[in-house]
Each structure stands twice: as structure tokens, then as C-alpha cells.
Amino acid sequence: MEAGLNTECGETLLRVRAENRTRACEAGTGIAALELVDELVARTYRLPRSALHAGTRCRKSVAFARQVAMYLCHVCLSYPLKDIARHYQRDRTTVAYACRVVEDRREEEETELLINSLESALETIMLVTPLTRKRVG
């Protein structure tokens, strides 16, 4: 009986998600891709999203989390450096530097596994969620 209940709940959840995606597509809205990356990285590094947008220099761990977010926006979502820079209130060259730092750190096994996991998660979310390219700035 319980298995039937779980199946029914699962089917309902899938139906509701499909309806929400349809409504979002029809309305021309969805989750802004850059905000999705913020949320994904913030949860991974156990930081508040606001830490990724802090206007001042901060701890190394927060800075690297921000660099990872910038990297994902550029590499996975193909956002231009200037749009990413505007979103994080940084300079375009800072975003380019962040991408280089993350690429260099990918040689470390732990970092490589983490970035691969984040890329896979982002790819999966993009498949099931309508994303928009929200104009930043």
C-alpha cells in the first residue's frame, strides 16, 4: 500500500513540475541562470548567496567559491565575461582571472571532482528547468 502511495505522490509531483515548466515557458519566464549558479555554489560551499556578491575582499574559501561560480557561468552557460562581471560587481578581467584560477586548480583531484559534480548538477537542472538569460545590471 505504501509503495502505491509513493508512486502516486511521485506521479503527482512530476505532473506539477511539468505544468510549472509549461507555464513558465508560455510566460517567457523561468529561473535566471546566473541566480541558479549562485544558489548551487552557495549550497555546495555552505555560504549565504550574499557572500558571493560581497563588495570587499574576503576569506580565501569565499573568494574561491565566487571564482567557481564565475567559471560555471562562463564555461557551462556560455555567458560573456562582461555580463558575469556585472552580476558579481567585478571587472571583466577579474572574471577571466577567476576562470584561469579554477582551470589551474582542476589539476587537484578533490577540486576536479567537485567541479565535475557542479557541472553535472547544473547540466541536469538545465534539462528539467526553464532558464532565462536575465539581463544583469
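The chain is numbered in sequence order, starting from 1. Because only heavy atoms are used, hydrogens play no part in the values below, and waters and symmetry mates are left out as well, while side chains stay in. None of these values were measured; they are calculated from a predicted model.
When all heavy atoms of Ala65 and Val41 are compared, the closest pair comes out as O-CG1, 3.3 Å. For the pair Ala42 and Pro48, the tightest heavy-atom approach, listed with the atom from each and the gap, is CB-C, 4.3 Å. Residues Leu40 and Ala121 approach most closely at CD1-CB, 4.2 Å, considering heavy atoms. The two atoms that bring Ala51 and Val62 nearest to each other are O-CG1, 3.6 Å, heavy atoms only.
In this model, no donor atom of one side chain and acceptor atom of the other lie less than 3.5 Å apart for Tyr71 and Arg105. No donor-acceptor contact under 3.5 angstrom links the side chains of Gln67 and Tyr97, judged on distance only.
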side-chain contact (heavy atoms from CB on, under 4.5 Å) between His87 and Val37: does it pass, once the steps are laid out? CA-CA 11 Å; His87 180 70; Val37 171; over 6 Å; no
Criterion side-chain contact (heavy atoms from CB on, under 4.5 Å) on Leu81 and Met70, from CA distance to verdict: CA-CA 9 Å; Leu81 298 178; Met70 291 176 181; over 6 Å; no
Show your reasoning for whether side-chain contact (heavy atoms from CB on, under 4.5 Å) applies to Leu122 and Leu77. CA-CA 9 Å; Leu122 187 57; Leu77 300 178; 4.2 Å; yes
As a quick check of understanding, evaluate side-chain contact (heavy atoms from CB on, under 4.5 Å) for Tyr88 and Thr94, giving each step before the final call. CA-CA 10 Å; Tyr88 290 101; Thr94 302; over 6 Å; no
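Side-chain contact between Glu119 and Asn116 is present, with heavy atoms from C-beta onward closer than 4.5 Å. Contact of the Val68 side chain with the Leu72 side chain is registered, since non-hydrogen atoms from C-beta on lie closer than 4.5 Å. Looking only at side-chain heavy atoms (C-beta outward), Val102 and His74 stay at 4.5 Å or farther from each other.
Rounded to the nearest 0.5 Å, atoms CG (Asp83) and OG (Ser78) are 12.0 Å apart. Atom CD of residue Glu109 and atom CG of residue Leu113 lie 5.5 Å apart, to the nearest 0.5 angstrom. A distance of 11.0 Å separates CD in Glu123 from CD1 in Ile125, rounded to the nearest 0.5 Å. Annotation: the span from Arg106 atom CZ to Leu114 atom CG amounts to 9.5 Å, rounded to 0.5 Å. For the atom pair OG1 (Thr44) and CD1 (Ile115), the distance works out to 9.0 Å, reported to the nearest 0.5 Å. For the atom pair Leu118 CG and Arg43 CZ, the distance stands at 13.0 Å (nearest 0.5 Å).
Classification of the Phe64-Tyr45 ring pair by plane angle, with boundaries at 30° and 60°, yields perpendicular.
Within a 6.0 Å radius of CZ in Arg49, more than 12 heavy atoms belonging to other residues, nucleotides or ligands are found.
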